[in-house]
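Counting from 1, the numbers follow the sequence of the chain as shown.
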Amino acid sequence: MRLTTKRRAMLQASAASLVTAAVGPARAAPPFFRLYLMIPNNQPARMIWGTLAAQQMSRIGIDVVSSFVPFTVISPRRSRGDGKPHAEGGWDAYLERYYYNAIQPTPNSLFHSRLAPPSGQNFYYVNDAQIDDALDRIGNTIDPAGRQAAYRDFAKRWYDTEPMTILFYPKDVIAVNPKLKGFDTTTFNPVFFPNPESWTIEGAGNDATAAFASWAPPMSLIPMYSNGYSDSNIFGPVYNRLYEYESWENKRLQPGLALSHTMSDDGKRWVITLRPNVRWHSGEEFTAEDVKFTWDTILNKAYGAPISATAEQVLGSTESYRVTGKYEITVELPKYDMLFLDWLLGAQAIIPKHAYERIPPASMRGHVASTWNGRYQVPISGGRNYTALGGVGTGPWIAQGYDPQRRAYKFVRNENYWKPHTGNVKTFYVVNIQGTDSVLSALRSGAIDAHDPMYDIGPLAETIEPSWGKVQTFDSFKWQHICYNLRHPVFGTGVDTPLGRQDPARAAEAAAYIRKAISHAMPREQIVKEIAGGYGEQGTVPLPFTSEQYDHDLLKPIEYDLAKSREYLERAGYRY
């Protein structure tokens with residue numbers, strides 16, 4: 001197929017040119033230690049720069065064993081919560097495209113030492129007193145200037161120690177059906193997803209059908225278990241949050257299921273007024289009891305939600321909130337935390353008490369509400385039952401289950417939605433298509449109308465003909481990085497480095513030297529230009545490059561210099 005041949009040739013040429021262009025002597029170095037690198041197999045370009053990253057590590061003396069694996073292999077290894085290295089069933093390093101669960105950067109929801117798995121999402125075991133202090137101040141400072149100073153302190157400490165190697169900040173490049181109007185956002189787990197309620201397919205009348213491609217099958221369609229685009233692309237259109245974003249362009253929170261709130265001067269007491277006359281897809285009314293149930297479920301460790309630790313950090317316990325009216329919930333936070341509005345109210349979907357309270361915790365992940373494979377009965381008022389074919393939400397689309405023949409999740413328009421639909425789409429599918437060439441072929445044939453950014457079509461944008469594809473570019477607000485298990489005895493804790501064995505008090509310093517060595521071995525500029533098609537910026541720290549929190553004066557591009565990499569390894573005690 002033409003696209004496949006062109007794609008293969010383009011990526012092979014990019015990889016060859018990058019290796020050839022490497023700066024510094026290319027002599028083989030003695031293998032100082034072994035590192036297992038897992039490279040997700042759901043982005044062709046990432047597979048190339050992952051391979052390149054492994055080659056570059058080898059050039060400075062690291063014995064790298066790399067493998068291409070689906071994220072379903074990576075996730076259980078990193079989520080075990082015991083910090084074991086790869087050879088013992090855990091992990092050493094893997095590549096990842098990441099984002100926070102809110103548009104406001106919330107590193108305090110991801111990198112604090114108290115958020116280690118299995119109940120937290122600090123899968124990397126970042127454990128640094130200076131970082132923790134900055135993260136606490138980011139979260140607990142009401143004054144914007146004080147919070148901005150805390151962001152800078154976080155960025156400075158990260159820049160100095162590099163707990164992870166941030167490769168670059170990608171742009172999202174998406175091709176859509178030229179007849180599709182109203183596609184004005186990229187997907188961003190879990191707060192932006194396909195918005196077919198605003199789509200219009202020209203010439204399709206008032207009863208259009210549309211389809212959206214998402215690479216990997218989901219792991220769970222219960223929002224609190226969300227693991228990425230593969231989940232939120234599907235569950236997102238079904239549910240609502242208390243606050244939602246007005247648009248991708250302005251990224252401002254606006255009322256969703258909440259109409260308004262008041263906050264005390266110290267930021268601890270909140271009274272949230274909810275939107276009346278909202279109905280679940282079952283016909284039952286949405287009330288404050290549903291909000292309480294959602295938070296109770298997230299905090300209940302029996303459900304095993306990976307966001308449980310962050311929710312506990314914010315709320316303290318279930319004693320901090322209570323229903324104070326049919327459409328009102330009052331919260332007394334242990335202390336002010338910016339995550340309450342930006343993360344809990346603005347990013348976490350509300351789930352229905354009447355539909356899910358009878359599902360035992362041990363059964364939640366495997367229930368039809370999570371798999372959308374089958375049907376179940378939901379008791380509703382008047383002694384009746386509602387037949388659900390997937391998740392039950394208040395959102396603009398009603399789940400119609402999974403179609404195995406089409407490999408697609410089906411939705412129909414919620415005609416009783418509390419907000420008007422502005423488009424003409426009434427039936428919508430999210431189709432699982434694996435492969436960049438395959439998704440572009442599907443777009444060209446008319447099988448889909450748009451796709452998520454994981455297909456990484458940037459390097460092929462020039463091959464898309466206007467007759468079948470319109471290319472749109474979005475600021476992704478994300479980053480691509482190599483993440484490390486920071487409990488690994490070499491590049492994590494440093495206890496098994498020559499310097500760490502010689503002087504245990506300097507073990508963490510030695511581990512940071514190794515990570516700095518790897519970072520300087522990464523040709524970021526060439527990766528962006530030659531593999532990512534020029535769609536991106538060189539990476540430094542885990543803050544969106546275009547956010548107001550990113551300090552461009554402080555965060556200069558990290559130099560590509562193999563000689564400097566070797567100098568850092570020598571500081572850690574290794575000898576060439």
Side-chain angles (χ1 to χ4, degrees), residues 98-115 120-122 126 128 130-158 188-192 224 241-246 250-258 260-273 291 294-295 298-299 306-317 320-321 329-350 477-478 541-544 546-551:
Y98 216 90
Y99 33 76
Y100 297 119
N101 283 351
I103 295 296
Q104 177 86 351
T106 55
N108 43 327
S109 71
L110 189 62
F111 298 125
H112 202 288
S113 62
R114 62 173 166 255
L115 299 180
Q121 292 184 295
N122 181 1
V126 178
D128 182 287
Q130 292 184 48
I131 286 178
D132 277 354
D133 176 70
L135 295 178
D136 284 336
R137 287 186 287 118
I138 287 172
N140 304 138
T141 302
I142 298 179
D143 173 58
R147 185 182 298 167
Q148 186 67 16
Y151 275 115
R152 191 182 193 281
D153 290 344
F154 164 73
K156 177 67 168 60
R157 180 61 176 173
W158 189 287
F188 188 98
N189 175 55
V191 297
F192 279 97
M224 66 181 179
R241 304 180 305 281
L242 293 175
Y243 281 84
E244 303 185 347
Y245 288 97
E246 184 179 343
N250 65 37
K251 300 179 179 68
R252 286 197 298 262
L253 280 176
Q254 64 179 0
L257 292 179
S260 63
H261 67 265
T262 61
M263 182 186 77
S264 61
D265 291 342
D266 62 3
K268 297 194 328 186
R269 188 174 193 275
W270 296 64
V271 179
I272 303 163
T273 302
V291 178
T294 300
W295 296 350
I298 292 172
L299 287 170
I307 61 173
S308 175
T310 307
E312 186 174 2
Q313 168 188 309
V314 175
L315 292 169
S317 72
S320 67
Y321 52 89
I329 189 161
T330 298
V331 185
E332 300 282 351
L333 298 178
K335 59 182 177 299
Y336 170 78
D337 196 321
M338 57 89 74
L339 292 176
F340 182 66
L341 176 61
D342 290 282
W343 180 81
L344 189 63
L345 304 189
Q348 305 308 320
I350 301 302
F477 242 54
K478 311 173 187 79
V541 302
L543 291 172
T546 56
S547 69
E548 63 183 23
Q549 291 79 18
Y550 191 94
D551 190 328

> Going through the checks in order, is the salt bridge (charged side-chain N to carboxylate O under 4.0 Å, His left out) test met by Asp153 and Arg157?
Replying inline: CA-CA 6 Å; Asp153 290 344; Arg157 180 61 176 173; over 6 Å; no
> Among all residues two or more places apart in sequence or in another chain, which pass the salt bridge (Lys or Arg N to Asp or Glu O under 4.0 Å) test with Glu246?
Replying inline: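 For Glu246, the residues satisfying salt bridge (Lys or Arg N to Asp or Glu O under 4.0 Å) (neighbours in sequence not counted) are Arg252.
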>> The criterion is salt bridge (Lys or Arg N to Asp or Glu O under 4.0 Å); which residues satisfy it with Lys268, sequence neighbours excluded?
In response: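 Applying salt bridge (Lys or Arg N to Asp or Glu O under 4.0 Å) to Lys268 gives none.
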How far apart are the closest heavy atoms of [X] and [Y], and which atoms are they?
X      : Y      : answer
Phe340 : Ile272 : CZ-CD1, 3.9 Å
Leu333 : Gly267 : CD1-O, 3.8 Å
Pro107 : Tyr100 : CB-OH, 3.4 Å
Pro334 : Val314 : CD-O, 3.5 Å

Contact check, side chains of [X] and [Y], non-hydrogen atoms, under 4.5 Å:
X      : Y      : value
Arg147 : Gln549 : no
Tyr99  : Pro544 : no
Leu299 : Ser317 : no
Leu242 : His261 : no
Pro542 : Phe111 : yes
Thr330 : Arg269 : yes
Met263 : Leu341 : no
Thr262 : Trp270 : no

>> Going by side chain to side chain donor-acceptor pair (under 3.5 Å), name the residues that satisfy it together with Thr106, two or more places apart in sequence or in a different chain.
In response: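 Scan of Thr106 (side chain to side chain donor-acceptor pair (under 3.5 Å), adjacent residues dropped) gives Ser109.
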> Considering residues at least two apart in sequence or located in another chain, which fulfil the side chain to side chain donor-acceptor pair (under 3.5 Å) criterion with Glu244?
Replying inline: Asn240
>> Does the structure place the NZ or CZ of Lys251 under 6.0 Å from the centre of the six-membered ring of Phe188, at an angle of no more than 45° from the ring's axis?
In response: no
>> Can you tell me if Asn250 has over 12 outside heavy atoms packed within less than 6.0 Å of its CG?
In response: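 Yes, the 6.0 Å shell around CG holds more than 12 heavy atoms from other groups.
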> Taking only residues two or more places apart in sequence or in another chain, which ones pass side chain to side chain contact (heavy atoms under 4.5 Å, CB included) with Arg114?
Replying inline: His112, Asp136, Gln313
>> Under the rule for side chain to side chain contact (heavy atoms under 4.5 Å, CB included), what residues qualify as partners of Asp551, not counting sequence neighbours?
In response: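 With sequence neighbours excluded, Asp551 shows a side chain to side chain contact (heavy atoms under 4.5 Å, CB included) to Arg152, Asp553, Leu554, given in chain and number order.
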> Do Asp266 and Tyr336 pass the side-chain contact (heavy atoms from CB on, under 4.5 Å) test, and can you show the C-alpha distance, the side-chain angles, and the key distance before you say yes or no?
Replying inline: CA-CA 7 Å; Asp266 62 3; Tyr336 170 78; over 6 Å; no
> Should the ring pair Tyr321 and Trp295 be called parallel, tilted or perpendicular, given that the plane angle runs from 0 to 90° and is split at 30 and 60?
Replying inline: perpendicular
